[in-house]
Amino acid sequence: MKGCYINGISNISAQPTTVSTTFLEEIVGHKEVIIRAFDPDYKTFIKPAAMRRMSKSVKMGVVASKMALEAADIVMPDAIITGTGMGCRQDSERFLENVLHNDEQFLTPTLFIQSTHNTVGGQIALGLGCKGYNVTYVQGAVSFETSVIDAQLLLTESPEQHILVGAIDEIAKNSTKLDILNGQLKQGECDWLTILSSGTSGTICSEGATFMVLGAEQSNKSLAQIKAVTTINDATLDESKTAIETFIAAQGIVPDDIDAVIFGNNGDQDFDDYFHNLQTSIFKNTEQLCYKHLIGEYHTASAFAFWIGCEVFKHNTIPEVLKVNEVKAKQYNKILLYNQYRSRNHSIVLLERC
Amino acid sequence: MNKGIAITGMGIISSIGNTVEENLNALQSETPGISRLEILKSRLHDSIMVGEIKKTNATLIEELGLPKINNFSRTAMVSAIAAKEALQDAGISDINQHTTGFISGTSVGGMDTTEKYYLEYQETAENHRYIEALHAGFTTECVTKYLGIKGYVSTISTACSSAANAIMLGARLIIAGKLDRVVVGGTDALSKFTINGFNTLMILSDEVCRPFDDNRKGLNLGEAAAYLVLESDALVAKEDKKVLGRVVGWANANDAYHQTASSSEGEGAYRAMNKALKVADLSPSQIEYINAHGTATSNNDLSEGTAMKRIFGTENMPVFSSTKAFTGHTLAAAGAVEAVYSVLGLQEQTVFPNLNFKTKMSEFDMKPQTEIVSKEMQTVLSNSFGFGGNCSTLIFSR
Amino acid sequence: MAELQLELKEKIIEQLSLEDVEVSEIGDNDPLFGDGLGLDSIDALELIVMLEKDYGIKLKDPKEGKLIFESIGVMAAYIEKNRTK
C-alpha cells in the first residue's frame with residue numbers, strides 16, 4: 001500500500017539519545033532554563049576540514065541526517081526538506097552583533113553566508129552531493145510538520161522517492177535569553193522533571209535535531225506510518241478540540257481507537273490548558289505521554305514526538321518518565337501527536353504501527 | 001502543456017511602484033527604481049546603489065491603518081500591503097468564505113526591527129514586543145492575522161528563491177486537493193544585516209547593476225513584497241473568476257556545489273529548468289521569454305547563462321532579460337516580483353527590457369533584450385536562485 | 001619579515017578555524033589555496049578583511065586577492081610594501 005513510511009529516524013536532544021541504545025532509560029535532569037543538547041562525537045561523522053566553519057546546528061543536522069540515512073539504509077535521498085524555527089541562530093547573532101558593535105565595519109562573510117535558514121539543508125546537500133529538491137520551512141512550532149506535509153506531497157507525486165526530512169534548532173549565547181525578557185521562558189532555575197506542574201508562566205528551552213527518511217513503500221526498515229498530518233495557525237481551546245475531533249473522524253476512526261497520545265505540554269501555565277482541555281475530556285481514558293520536561297521547548301521540539309512514537313512501536317512499552325496518567329494501553333497501534341506553542345502553530349499527527 | 005493552476009489576483013510593492021499598475025507603468029516607461037539609500041540609515045549609503053521603497057515605516061503604518069504601538073517589522077508591512085492588493089485584485093472580500101492558505105517566503109524576516117532594538121532589549125522593556133521578530137515565521141503570522149486568514153500557513157526560507165518555492169508549494173497543494181485557494185509570494189525589506197552581509201561577499205555594485213554585461217560589477221540589493229492568489233479550477237468556475245494567467249511548471253533542484261556560489265556549469269539551474277519544463281509538459285522550444293534571475297554578479301550570470309545555453313542552445317535561445325536593473329535584487333521576494341512581471345508580460349504581450357546592458361559577455365554569444373518590445377507569447381519561464389545551492393524555476397502561461 | 005610571516009600563519013590558523021593545523025606545517029612558499037593548505041574563496045574574503053583591519057590595506061576587487069594570497073611569503077612581502085598600520 002502506498003503511504004508515507006518512516007524508514008529511519010535519529011535524534012539529538014538534551015537527553016543522551018544518540019549514545020543510548022535503550023528507550024529513555026537514562027535520563028538527565030536539568031535545572032537551568034536554557035540547556036544545550038547532548039553532543040554526539042561529531043568528529044566520528046564529519047571530517048575536520050569540513051567541520052571548521054560549521055556551527056552547532058549544521059553539525060547537529062549533518063550528523064542526525066547521516067544517522068537517519070544509515071538507519072534507513074539509504075545512501076542518497078531524492079529530496080531534502082528541513083524545518084527550523086530560528087535556523088543558524090548562533091551565526092546570525094554573531095553577525096548581527098558584529099554589524100552593531102563595529103558600526104558596520106570589518107565584517108567577514110563566513111557568519112553571514114551561514115546565517116540563512118537553509119544553511120543546514122544546503123550543507124547536507126553539499127556533503128551528500130544531493131541535487132534534488134531542497135526546501136526549508138520556518139513556521140514556528142509547525143516548522144517540522146510543514147516539512148512533513150511537503151514530503152507527503154512529494155511522495156504522492158513520485159512514490160519511488162526517499163525523502164530526508166529534518167528538524168534543527170540551536171541555542172545562541174545572547175538572543176535565546178531575550179525570550180526570558182518577553183516571558184516566553186521562565187525566570188531563574190527550575191527542576192525540569194517536575195516542570196509540567198510548575199504553576200508558573202513561561203517554559204524551558206533547549207535545542208536539537210531530528211531527522212527521518214520517508215518513503216511511500218513499506219519495507220523491513222519501516223518504523224511507523226505517518227497516516228495524516230495537519231497544522232492550524234491559530235486556534236482557541238474549543239477550536240483546537242474540534243479540529244482534533246474532525247481530524248480523527250477524517251481517518252475513519254473514533255478517539256477510543258487511539259492507543260496513546262503524545263502531548264506537547266511545556267509547563268507554561270498560561271498555555272498548557274490547550275493540552276489539559278483534551279487530557280481531561282476526549283482523551284481521559286487514553287494513555288497520555290509528555291516529553292518537553294526532558295528535552296525542553298524549541299520551535300522544532302515536536303519532532304521528538306515522532307521519535308518517541310517510533311520507539312514505542314519498536315519497544316512496545318512506554319518509559320515511566322513519559323507517562324502523565326494512569327491509563328495503560330493494551331497495545332500500541334495508533335499514536336496521536338498534538339502540539340501547539342502559545343496558542344499558535346498547532347499540529348496534529350497520526351502515527352500507525354507498520 | 002499541463003493545464004496548471006489559475007492566478008486570479010496579484011499584488012506588489014517595490015522600488016518602482018506601490019501597486020501592480022504602478023509597477024507596470026514603470027516597466028513600460030523603462031523607469032528604474034535604483035537610487036542611494038534614503039530611508040535606511042547605513043554606513044554604506046554612499047558606496048552602494050539600492051532598490052529602496054521610498055516610504056518610511058510611519059507612512060506604511062498609516063497606510064495599513066495599524067495601531068501606533070504594533071509589532072510589525074518593515075518586512076511584515078510591505079508584505080501586508082502587497083498581499084492585500086492581491087486579495088482585492090482577486091475580488092475576495094470575505095477571506096474565509098473559502099478556506100484560504102498563506103505561504104510566504106522571507107530570508108531574514110523582521111531583521112530590520114531586530115537590528116534597530118537588539119542592543120536596547122536588556123535595558124528597556126519599551127520594544128520587547130519586537131523580540132519575536134527574530135523568528136522569520138513571525139513576519140508571516142503578523143500578516144496572517146492582519147488579513148484574517150484562517151487556513152494553512154507556512155513560511156519558506158531558502159534565501160533568494162524563497163518566493164518561487166512558495167508559489168510552487170501553493171500550486172502543488174491545490175493540485176493535491178489540499179487547498180482551494182492560497183496566497184503565495186514573498187517579502188524582504190532592506191536591512192543593515194543583509195546589506196553588510198552581501199558587502200562582505202564583495203558582490204555589491206557601487207553603480208546601477210548591469211545584468212549579463214561583460215563589465216558587470218555586482219548586484220544592487222532591493223526591497224519588495226509580491227503575492228499571487230492561486231485558485232482551483234473548481235473555485236474559478238464556481239465564482240466565474242477572471243484568470244490573469246496560469247502557473248504551469250515548477251521545480252526546485254540543488255546545485256550541491258558551494259554554500260553561496262553557483263557552479264560553472266550551472267548544474268542546479270539546469271536541473272530546475274529541465275524539471276519545470278517536464279512538469280509543464282513543454283519542450284524548450286515552446287518557451288517564448290525567460291525572465292532570468294540575472295543578478296549581475298560575475299558568478300550568477302555566467303552560471304545561469306551556461307545553464308540556459310545547455311537547455312535551449314545558443315541558436316534557439318528565447319528572448320531573455322533580467323528585470324533586476326529596475327528593482328534591484330529583492331532577495332526572498334524576487335521570485336514573486338518576477339512572477340508578477342512574467343504575468344504582466346503575458347497580459348501585455350510585452351518583453352520588459354534588461355536595462356544597462358552594453359557589452360556581450362565574453363563567454364558566450366548571448367544578448368539579453370535591451371529595449372521594450374511587443375511580442376506574441378504564450379509561455380514565460382522565470383528563474384530564482386539562492387544561497388545553499390537553491391535553484392527554482394517557474395513557468396507561466398497566458 | 002620572518003616575524004611577519006609567523007604572525008600571518010598564526011592569524012590564518014586562528015581566523016579561519018584551522019584547528020588541526022600547526023604553524024610549523026605551513027611553509028613560507030606553500031600554496032595557501034587548492035592543493036596546499038586547501039583554502040577556498042570564502043577564506044580569501046576573510047583574508048581581505050584581515051588585510052584591511054590589521055594592516056590598513058583595502059582591496060577593491062576580490063580578484064586581486066588571488067595573487068596576493070599565493071603563499072605566506074608573497075603575502076608578507078605585499079603587506080610590508082603596502083601597509084599603512
Side-chain angles (χ1 to χ4, degrees), chain A residues 80 84-87 89 92 95-101 103-105 107-119 121-123 125-126 128-140 142-143 146 149-150 153 156-157 175 177-179 181-182 184 231-234 299 344-345, chain B residues 42-44 107-109 111 114-115 118-119 121-122 125 128-129 131-132 134-138 140-141 144-145 149-159 165 169 172-173 176 178 192-193 196-201 251-260 267-268 271 386-390:
Chain A
I80 300 171
T84 177
M86 300 301 295
R89 188 171 197 172
S92 305
F95 189 74
L96 172 67
E97 290 177 358
N98 288 345
V99 168
L100 298 175
H101 290 312
D103 191 22
E104 305 180 60
Q105 295 173 91
L107 299 162
T108 57
T110 305
L111 296 173
F112 176 68
I113 63 179
Q114 300 193 142
S115 72
T116 53
H117 289 87
N118 63 329
T119 301
Q123 285 286 329
L126 199 53
L128 292 171
C130 177
K131 294 179 178 172
Y133 182 88
N134 193 313
V135 167
T136 300
Y137 291 91
V138 184
Q139 188 57 53
V142 297
S143 300
T146 41
I149 289 173
D150 189 358
L153 275 185
T156 318
E157 291 157 4
S175 66
K177 287 188 202 143
L178 297 177
D179 291 345
L181 297 179
N182 67 1
Q184 292 190 72
T231 62
I232 308 155
N233 186 247
D234 193 7
H299 287 107
R344 299 191 73 100
N345 292 308
Chain B
S42 163
R43 176 181 266 275
L44 301 177
S107 66
V108 288
M111 186 56 80
T114 299
E115 67 190 21
Y118 186 79
L119 295 181
Y121 284 145
Q122 293 290 350
H128 280 183
R129 63 184 184 282
I131 289 176
E132 274 193 89
L134 272 165
H135 168 57
F138 182 69
T140 312
E141 291 192 13
T144 305
K145 258 193 179 164
I149 287 178
K150 287 270 186 194
Y152 170 91
V153 173
S154 75
T155 306
I156 291 183
S157 192
T158 52
N165 288 331
L169 178 69
R172 291 168 59 223
L173 283 165
K178 304 253 181 201
K192 287 200 277 196
F193 185 95
N196 281 284
F198 280 90
N199 194 45
T200 64
L201 292 169
N252 171 272
N254 201 277
D255 206 32
Y257 168 74
H258 186 274
Q259 178 57 25
T260 53
E267 183 64 18
R271 282 172 184 255
F387 282 6
N390 211 284

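What's counted below: heavy atoms across the whole structure, side chains too, no hydrogens, waters or symmetry copies. Below, chain A is the first sequence line, B the second, and so on; all start at residue 1.
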Legend entry - Option that, when pairs with chain A are counted at under 4.5 Å, heavy atom only, ranks first among B:M111, B:K178, B:H258: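 The answer is B:H258.
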
Inset, instruction - May I ask you to name which of B:K150, B:Q122, B:R129 has the most heavy-atom pairs under 4.5 Å with chain A? - result: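 So the answer, after comparing B:K150, B:Q122, B:R129, is B:Q122.
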
Within a strict 4.5 Å, meaning less than it, do heavy atoms of the [X] and [Y] side chains meet?
{"X": "A:V99", "Y": "B:E115", "answer": "no"}
{"X": "A:E97", "Y": "B:L119", "answer": "no"}
{"X": "B:H135", "Y": "A:R89", "answer": "no"}
{"X": "A:N233", "Y": "B:T140", "answer": "no"}
{"X": "A:T108", "Y": "B:T200", "answer": "no"}

[options]: which one forms the most heavy-atom pairs within less than 4.5 Å of chain B?
{"options": "A:L107, A:T116, A:L181", "result": "A:L181"}
{"options": "A:Q123, A:Q105, A:H101", "result": "A:Q105"}
{"options": "A:I80, A:D179, A:N345", "result": "A:N345"}
{"options": "A:Q184, A:K177, A:M86", "result": "A:M86"}

Inset, instruction - Verify side-chain hydrogen bond (donor to acceptor under 3.5 Å, both in side chains) between B:N199 and A:E104, making sure each step is shown before the conclusion. - result: CA-CA 10 Å; B:N199 194 45; A:E104 305 180 60; over 6 Å; no

Pairwise distance [atom1]([X]) to [atom2]([Y]) - rounded to 0.5 angstrom:
{"X": "B:Y257", "Y": "A:L126", "atom1": "OH", "atom2": "CG", "value": "10.5 Å"}
{"X": "B:K192", "Y": "A:L96", "atom1": "NZ", "atom2": "CG", "value": "9.5 Å"}
{"X": "A:T136", "Y": "B:I156", "atom1": "OG1", "atom2": "CD1", "value": "9.0 Å"}
{"X": "A:Y137", "Y": "B:T158", "atom1": "OH", "atom2": "OG1", "value": "9.0 Å"}
{"X": "A:L178", "Y": "B:Y121", "atom1": "CG", "atom2": "OH", "value": "7.0 Å"}
{"X": "B:N196", "Y": "A:N98", "atom1": "CG", "atom2": "CG", "value": "10.5 Å"}

Write down the atom of [X], the atom of [Y], and the distance for their closest heavy-atom approach.
{"X": "B:A256", "Y": "A:A125", "value": "CB-O, 3.8 Å"}
{"X": "A:N118", "Y": "B:A159", "value": "OD1-N, 4.0 Å"}
{"X": "A:T146", "Y": "B:S154", "value": "CG2-CB, 3.8 Å"}
{"X": "B:L201", "Y": "A:P109", "value": "CD2-CB, 3.7 Å"}
{"X": "B:V153", "Y": "A:Q139", "value": "O-CG, 3.6 Å"}
{"X": "A:C130", "Y": "B:N254", "value": "O-CB, 3.6 Å"}

[X] portion near chain B, given a 4.5 angstrom heavy-atom threshold:
{"X": "A:T231", "answer": "side chain"}
{"X": "A:S115", "answer": "side chain"}
{"X": "A:I149", "answer": "side chain"}

Chain A heavy atoms under 4.5 Å from [X]: which part of the residue, side chain, backbone, both or neither?
{"X": "B:E141", "answer": "both"}
{"X": "B:D255", "answer": "backbone"}
{"X": "B:S107", "answer": "backbone"}
{"X": "B:I149", "answer": "neither"}
{"X": "B:F198", "answer": "both"}

Inset, instruction - Could you pull out all residues at least two apart from B:R43 that satisfy salt bridge (Lys or Arg N to Asp or Glu O under 4.0 Å)? - result: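 For B:R43 the salt bridge (Lys or Arg N to Asp or Glu O under 4.0 Å) partners, ignoring immediate neighbours, are A:D103.
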
Legend entry - B:Q259 and A:Q114: CA distance, side-chain angles, deciding distance, side-chain hydrogen bond (donor to acceptor under 3.5 Å, both in side chains) verdict: CA-CA 8 Å; B:Q259 178 57 25; A:Q114 300 193 142; over 6 Å; no

Inset, instruction - Give me the ring orientation class for A:F112 and B:F387: parallel if the planes are under 30° apart, tilted from 30 to 60°, perpendicular past 60°. - result: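 Taking B:F387 first and then A:F112, their aromatic rings stand perpendicular (interplane angle over 60°).
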
Inset, instruction - Apply side chain to side chain donor-acceptor pair (under 3.5 Å) to A:Y133 and list each qualifying residue two or more places apart in sequence or on a separate chain. - result: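 Result, side chain to side chain donor-acceptor pair (under 3.5 Å) vs A:Y133: A:D150, B:R172.
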
Legend entry - Short side-chain to backbone donor-acceptor contact, B:N252 and A:N134, under 3.5 Å: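 Side chain of B:N252 to backbone of A:N134, a donor-acceptor pair under 3.5 Å: yes, one is there.
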
